Amino acid sequence: RDHDLPLAVRGGGHNVAGSAVCEGGVVIDLSTLRDVHVDAKRRLALVQPGARWHDFDQQSQAHGLACTGGLISSTGVAGFTLGGGIGWLVRKLGLACDSLVAAELVTASGSVVRAGDEENADLMWGLRGGGGNFGVVTSFEFKLHPLTSVTGGLVVHPRDRATAVLRYFRDLAASAPDELTLVVALMTAPNGHPAIGIGACFAGSDEDAEQVLLPLRRFGPPVVDTIGALPYVELQTTLDPTAPRGALNYWKADFMQELTNEGIDLVVEHANRMASPLSQFHIHHLGGAMRQPPAGAGSAFAHRDAGFIYNVIGMWSDPSENDRHIGWTRETFHAMRAVSTGHAYVNFMGEEGADRIRAAYGDNYERLAQVKARWDPDNVFRLNQNIQPAARLSA
């Protein structure tokens, strides 16, 4: 801080923005601090800042407990939670940040402080969805929920059925109980053929699971059906092959209030133009418990009422093809703006500028700027989806 050096903070290191590293500055690398301690009696998890969701799930599931985690097991607990946290259990248990009950962090002044619903409540509010703007979190404390097995997996259809599948996905989502979360992915199958899949996680009883998921398994019918009862920790790793380490990535994302016929047509049209077999188009089904902010200090996450969020994932391996795949992602996102809310999600953002950052924090931006001014008035922690301190806003 004294030398005004750029300061990056690296947790799990899983993010397309690249803000965990910097040139000509200092990286605080927390990636080796991966301990997760579970107090099963109190249903609490104490988590170090370099832990990944694989670490978290292994320890919590050993006690039959869980909270909403990343869809890819190498995702870092820290960044995922601070940005909100949308995963398989989002409709059942809310966002990951909704299960965060306390945190310890080192502030820009070098002080070590604790935040919770009763202590530094403004900071606790900001940590639940405000990104890594307020300090270096050195310890997270999560409340855990009983959960061992779920019914989940994937059904896959040929791409030429995509319009019908997306309309069915929309209808199924409209009547889904809160225990069911759905994610649709337009991608290239391992056999090289364009495909569309619907991933499902039902976190209810086995008896209800059959009734809820049988229509999904019969529709089409699918060419692949992997849905069945399985440990939650196993479901948490099923999508790992879709995010190969070392691949080049460029993402664009936004929320949709509803999935209209116009939106479906745009998704299919632009997904069919994917130029890389690694690229994907995801649509996450939201709602349920996510609509309710946590009790106490509440949460800075701004877009709880959205019905869906989509993520346009440009992914490829040859740097000489950067322009081609970045171009597809941008063109697709531009077309989708006609059916989007115009908001953004911190965890799916790259370097997108001040307007998109404000769109991510929404109506909470001004309050977040006040919290930032209290805890980091000189904007030391700026290599993130950055919130300007309030004093700078008025300058």
Side-chain angles (χ1 to χ4, degrees), residues 14-19 71-72 79-80 83-84 86 131 159 162-163 165-166 169-170 173 182-188 194-197 239 242-243 247-286 301-303 305-319 321-362 365 384-386:
H14 181 115
N15 187 261
V16 297
S19 55
L71 294 176
I72 305 297
F80 181 86
I86 295 169
R159 181 69 63 78
T163 299
V165 171
L166 283 167
F169 163 75
R170 175 185 62 193
L182 301 167
V183 180
V184 68
L186 294 93
M187 72 292 189
T188 302
I196 180 170
L239 297 182
T242 68
L248 297 164
N249 281 263
Y250 186 83
W251 297 3
K252 290 286 191 179
D254 209 324
F255 293 88
M256 295 183 291
Q257 204 58 46
E258 56 183 347
L259 185 56
T260 63
N261 286 345
E262 179 188 4
I264 288 172
D265 291 343
L266 287 170
V267 170
V268 175
E269 175 187 352
H270 289 275
N272 286 343
R273 298 179 186 173
M274 286 178 189
S276 168
L278 297 177
S279 293
Q280 302 164 51
F281 193 119
H282 293 174
I283 304 174
H284 300 253
H285 172 212
L286 305 177
F301 189 87
H303 308 302
D305 60 347
F308 302 89
I309 184 172
Y310 67 83
N311 194 11
V312 187
I313 301 173
M315 190 186 305
W316 65 102
S317 56
D318 185 350
E321 298 180 353
N322 285 5
D323 290 347
R324 181 185 185 191
H325 303 299
I326 291 172
W328 169 77
T329 308
R330 288 175 172 171
E331 290 167 8
T332 302
F333 179 68
H334 180 76
M336 290 296 296
R337 291 175 69 177
V339 294
S340 305
T341 65
H343 298 139
Y345 174 42
V346 171
N347 291 350
F348 287 170
M349 290 176 65
E351 294 184 9
E352 302 186 27
D355 288 345
R356 288 291 288 168
I357 290 173
R358 280 183 171 269
Y361 299 121
Y365 189 90
N384 44 42
Q385 303 301 339
N386 190 237

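Everything numeric here is computed off the predicted structure, so don't read it as measured data. Every heavy atom of this structure was used, including side-chain atoms; hydrogens, water molecules and symmetry mates were not.
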Criterion side chain to side chain contact (heavy atoms under 4.5 Å, CB included) on Ile357 and Tyr365, from CA distance to verdict: CA-CA 9 Å; Ile357 290 173; Tyr365 189 90; 4.3 Å; yes
Derivation and outcome, side chain to side chain contact (heavy atoms under 4.5 Å, CB included), residues Ile283 and Leu166: CA-CA 10 Å; Ile283 304 174; Leu166 283 167; 4.1 Å; yes
Verdict with supporting geometry, Met336 and Val267, side chain to side chain contact (heavy atoms under 4.5 Å, CB included): CA-CA 8 Å; Met336 290 296 296; Val267 170; 3.8 Å; yes
Test log, rule side chain to side chain contact (heavy atoms under 4.5 Å, CB included), inputs Leu259 and Phe169: CA-CA 9 Å; Leu259 185 56; Phe169 163 75; 3.8 Å; yes
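Listed for the Gln257 side chain is no donor-acceptor partner under 3.5 Å among the backbone atoms of Ser340. At least one donor-acceptor pair closer than 3.5 Å links the side chain of Asn15 to the backbone N or O of Ala17. When atom types are taken as modelled, the side chain of Trp316 and the backbone of Ile326 share no donor-acceptor pair closer than 3.5 angstrom. Although no hydrogens or angles enter the test, the distance criterion places a donor-acceptor pair under 3.5 Å between the side chain of Tyr345 and the main chain of Ile86. Distance alone, capped at 3.5 Å, is enough to place a donor-acceptor pair between the Asn249 side chain and the Ala247 backbone. Within the 3.5 Å criterion, the main-chain N or O of Met315 finds a donor-acceptor partner in the side chain of Ser276.
Residue-environment remark: CD (Glu351) stays at or below the threshold of 12 foreign heavy atoms within 6.0 Å. Within 6.0 Å of atom CG in Asp323, 12 or fewer heavy atoms from other residues, nucleotides or ligands are found, so the atom counts as exposed in its surroundings.
Considering CE of Met187 and CG of Leu278, their distance stands at 12.5 Å, rounded to 0.5 Å. With rounding to the nearest 0.5 angstrom, the CZ atom of Phe308 is 5.5 Å from the NE2 atom of His285. Rounded to the nearest 0.5 Å, atoms CZ (Phe281) and OG1 (Thr329) are 10.5 Å apart.
Looking at heavy atoms from C-beta onward, Pro319 lies in side-chain contact with Leu248 at the 4.5 angstrom threshold. Using a 4.5 Å heavy-atom cutoff, the side chains of Thr242 and Ile72 are in contact. Counting only heavy atoms from C-beta outward, the side chains of Arg170 and Asn261 approach each other to under 4.5 Å.
Tested against Thr332, the residues His270, Glu269, Lys252 include a single side-chain contact (heavy atoms from CB on, under 4.5 Å) partner, His270.
Of all heavy-atom pairs between Arg159 and Thr188, the closest is NH2-N, 4.5 Å. In plain terms, the two heavy atoms of Leu286 and Ala306 that are nearest each other are CB-O, 3.6 Å. Closest of all the heavy-atom pairs between Gly314 and Ser279 is CA-OG, 3.6 Å. Between Gly83 and Asn347, the shortest heavy-atom distance links the atoms CA-OD1, 3.3 Å. Scanning both residues, Met349 and Ala360, for their nearest heavy atoms gives SD-CB, 3.8 Å. The minimum heavy-atom distance between Gln385 and Val346, with the atom names listed, is CG-CG1, 3.9 Å.
In terms of the salt bridge (charged side-chain N to carboxylate O under 4.0 Å, His left out) criterion, residue partners of Arg356 (sequence neighbours excluded) are, by chain and number, Asp254, Glu352. Partners of His284 according to the side-chain hydrogen bond (donor to acceptor under 3.5 Å, both in side chains) rule, which considers only residues two or more places apart in sequence or in another chain, do not exist here.
Identified under the ring-ring contact (aromatic ring centres under 6.0 Å, His included) test for residues 247-269, with sequence neighbours left out: Trp251-Phe348, Phe255-His303.
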